[in-house]
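Each chain gets a letter, A, B and so on, in the order the sequences are listed, and its residues count up from 1.
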Number of protein chains: 2
Amino acid sequence: MDGRSRGQRGEGRVTLTEVAERAGVSRSAVSFVLNGRTDLRLSADTSARVRRAAEELGYSPNATAKTLRTGKSGTVALVSDFIGTTSVANSMVRGVLESLHDADTLLYMVDSQGEPSLEERLLRSLIDRDVDGIIYGSMFTRTIAVPTLLRNAPFVLLNCVSEDSDTTAVIPDEVGAGTTAATALLSAGHRDRIWFVGVFPPGITGGGSWHGWSPLALTERLRGIDAALAAAGTALAGRASVDGDWDVAGGRSSVAKLLASGAAPSALICVNDAVGLGAYQALQDAGLRVPDDVSVIAFDGSPLATAVRPALTSVALPHEALGRLAAQLLLDREAAPRIHRVPMPLAPGGSVSAPRSVR
Amino acid sequence: MDGRSRGQRGEGRVTLTEVAERAGVSRSAVSFVLNGRTDLRLSADTSARVRRAAEELGYSPNATAKTLRTGKSGTVALVSDFIGTTSVANSMVRGVLESLHDADTLLYMVDSQGEPSLEERLLRSLIDRDVDGIIYGSMFTRTIAVPTLLRNAPFVLLNCVSEDSDTTAVIPDEVGAGTTAATALLSAGHRDRIWFVGVFPPGITGGGSWHGWSPLALTERLRGIDAALAAAGTALAGRASVDGDWDVAGGRSSVAKLLASGAAPSALICVNDAVGLGAYQALQDAGLRVPDDVSVIAFDGSPLATAVRPALTSVALPHEALGRLAAQLLLDREAAPRIHRVPMPLAPGGSVSAPRSVR
DNA sequence: CTGAAAGCGCTTACAG
DNA sequence: CTGAAAGCGCTTACAG
């Protein structure tokens with residue numbers, strides 16, 4: 001005998017049995033009608049009676065019981081190291097939710113805080129709950145090793161890639177972004193005095209917030225820039241390093257040092273918007289105007305870019321599209337495993353114009 | 001007979017039955033040992049055998065089955081209209097996850113997009129999954145009507161309040177924030193030329209992004225400001241309205257109009273950081289320096305505040321603390337229902353100094 | 001066309 | 001001290 005009385009849980013939640021009783025049919029019949037199965041033929045009258053009974057009782061099937069029976073939970077998890085950490089997460093989550101929404105699927109939000117042991121515990125917990133799939137996300141675009149437990153469920157990598165070839169991943173098209181930035185400057189007439197701001201100092205592969213990871217974004221953006229400039233018969237005038245993190249202070253001191261060194265850039269390509277804002281400040285301190293004296297372009301497309309004057313022209317991270325695609329790929333199980341690269345659109349501001357010398 | 005073979009689901013997930021077989025005991029014994037129940041006395045030897053068998057088989061209990069049996073799922077949901085919409089969500093979510101993390105509870109992330117019918121469907125879906133509780137959040141601080149379905153589970157309101165007295169809610173202490181802002185200016189020596197920037201135009205109760213809601217934040221911040229100034233024997237010199245949304249452009253045009261009208265403010269209290277940045281720009285256009293000519297203080301404590309020079313002094317929304325407290329209250333079921341107000345700390349920048357006249 | 005029964009993997013009173 | 005059995009609320013082959 002079971003000690004729990006009905007009243008102790010969910011106050012009289014209606015069960016399938018009660019619907020069957022009210023409709024005067026078997027429980028199987030109710031299940032078939034409500035799940036819209038047509039392989040059994042039930043009389044139209046029976047169907048109607050069942051539906052009415054369910055409606056009148058306000059019946060809603062217990063999803064836990066359904067999951068236990070079918071092994072399908074109608075849930076998906078987003079496991080990452082970024083959730084509570086960065087504001088970029090938001091747009092990605094929005095994209096994920098958009099896709100899931102149509103599929104009537106709920107989302108578990110899980111933050112591993114970058115700790116492998118915590119991550120393992122959480123993955124285990126999700127698998128124990130029969131999640132239908134997992135989106136495994138990284139705060140920064142990088143190469144990861146797929147956790148063993150992840151393979152217990154269908155999964156898609158978001159903003160990261162693995163070296164395993166059987167893996168589906170979604171990342172921004174960083175090479176294309178580099179090309180876009182360089183092309184924007186070339187079109188405006190810049191050519192020989194274009195500097196890149198944001199490489200790591202010699203011997204360093206990542207700033208404080210990189211945990212020692214080598215960011216794919218940096219390598220690939222530079223590759224795109226170099227290729228576009230080479231195709232135009234020119235090259236970067238140089239690469240300025242940023243000590244520490246890619247923030248406003250880092251950008252300011254890097255560009256201040258650059259200007260002090262006697263370099264006379266016509267344009268700066270900044271590794272992200274914060275560094276771009278730092279560049280604005282250093283240029284202002286040097287009495288140089290944007291874009292009249294120096295053009296500035298950056299990457300990210302963050303709210304920072306539109307908070308300054310002139311608005312910073314930026315090649316935008318397609319967070320929402322990334323999230324949306326990752327969720328879609330997780331749901332469409334027939335997609336062949338491969339890396340999907342999502343284009344990064346140019347978000348034009350007012351920080352790029354023709355170089356001074358050619359006016 | 002059941003058609004599904006073992007191999008079709010979770011590839012040989014180990015069950016309690018298998019642990020019992022390997023340990024040579026009954027399933028009950030395994031359950032008792034693994035759940036650490038001491039009301040039955042099992043021999044130390046039995047316990048050890050069970051634990052070893054579980055360990056060797058890599059046993060992890062099926063949470064779905066557990067939930068069906070016990071009615072407790074070890075999950076909580078955050079239902080709100082803000083999730084994918086605003087970057088403030090992040091810190092709140094971080095706070096929520098911090099609290100949940102220790103309680104070994106997983107989080108469902110649900111975005112109602114502000115649509116009642118979608119919200120109802122999602123709430124139903126959560127209840128069908130036996131969530132242990134729901135945090136119901138609002139993007140902007142406001143008064144809401146509690147959805148009927150919400151009462152099917154323990155719940156806490158986050159960043160909103162209801163008129164029902166049996167409700168637990170967590171909101172920022174907006175009145176205190178107003179006091180803090182006014183006091184900061186008073187301490188610096190400002191007195192009779194303090195303006196507030198950000199009331200709605202006459203007859204309007206909300207900008208485009210307010211969906212017609214009256215934001216509690218505005219009313220309460222003003223109340224705090226008025227009280228603090230009154231206590232010092234003075235009052236606001238005036239309140240400048242912002243047409244449309246509280247963004248940079250809105251702040252800029254509002255302050256430009258204010259200055260054009262001949263007002264000579266010694267300090268501006270801006271309704272949020274974006275409006276504060278707009279104020280910076282309008283002041284600059286008018287040839288006025290911050291803080292030498294005009295001091296500026298705002299509310300939010302967003303990344304925008306630290307991206308400008310001088311950094312904008314701001315009374316910060318305690319997003320993370322709000323989320324953390326909401327989750328704690330949901331888990332600690334004995335707390336009496338009431339409204340909890342979380343203090344808003346001052347985030348000092350360089351935008352407040354003594355007024356020009358008293359130098 | 002319909003219904004009785006097994007089973008998903010657990011927990012827990014109850015009888016030994 | 002231990003084990004057999006009921007039951008959580010569903011789905012679904014199978015027999016009528």
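When heavy atoms are screened at a 4.0 angstrom cut-off, B/T46 is found touching the sugar-phosphate backbone but no base atom.
The distance between atom CD of A/E21 and atom P of C/dA4, rounded to the nearest whole Å, is 12 Å. Taking atom CG of residue A/L68 and atom P of nucleotide D/dC8, one finds them 13 Å apart after rounding to whole Å. At whole-Å resolution of the value, CZ in A/R27 and C1' in D/dT12 are 12 Å apart. Residue A/R129 contributes atom CZ, which lies 17 Å from atom P of C/dG9 at whole-angstrom precision. Spacing between atom CZ of A/R69 and atom C1' of D/dT11 amounts to 4 Å, rounded to whole angstrom units. We find that CG of B/N62 is positioned 18 Å from P of D/dC8, with the value rounded to whole Å. Distance CZ (A/F32) to C1' (C/dG3): 11 Å, rounded to an integer number of Å. Regarding A/D130, its CG atom lies at a distance of 14 Å from the C1' atom of D/dC10, rounded to whole Å.
Listed for the B/D111 side chain is a donor-acceptor partner under 3.5 Å among the backbone atoms of B/Q113.
For the side chain to side chain donor-acceptor pair (under 3.5 Å) test, no residue two or more places apart in sequence or in another chain qualifies with B/H101. Every side chain to side chain donor-acceptor pair (under 3.5 Å) that A/E56 has, sequence neighbours left out, goes to A/R22, A/R52. Considering only residues two or more places apart in sequence or on other chains, A/D332 meets the salt bridge (charged side-chain N to carboxylate O under 4.0 Å, His left out) condition with none of them. Residues that satisfy the side chain to side chain donor-acceptor pair (under 3.5 Å) test with A/S28, not counting sequence neighbours, are absent from this structure.
Positionally, the nearest nucleotide of DNA chain C for A/G24 lies more toward the 5' end than for the other of B/N35 and A/G24.
For residues 96-109 of chain B, every residue pair satisfying the salt bridge (charged side-chain N to carboxylate O under 4.0 Å, His left out) rule, not counting sequence neighbours, is listed here: A/R121-B/D104, B/E98-B/R324.
Taking every side-chain heavy atom of B/L16 into account, C/dC10 is the closest of D/dC10, C/dA4, C/dC10. Of the candidates D/dA5, C/dC10, D/dG9, the closest approach to any side-chain atom of B/S28 belongs to D/dA5. Closest contact between the side chain of A/Y59 and the listed nucleotides D/dC10, C/dC10, D/dT11 involves D/dC10.
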Checklist line | Watson-Crick and G-U pairing of DNA chain D, under 3.5 Å, as dot-bracket with | and [ ] | finding: |||.||||||||.|||

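B/S112 and B/D81 are not linked by any side-chain donor-acceptor pair at a separation below 3.5 angstrom, with hydrogens and angles left out of the test.
Checking the phosphate oxygens (OP1, OP2) of C/dG9, no side-chain nitrogen or oxygen of B/K66 falls inside 4.0 Å. The side chain of B/S31 contributes an N or O atom lying less than 4.0 Å from OP1 or OP2 of C/dT11.
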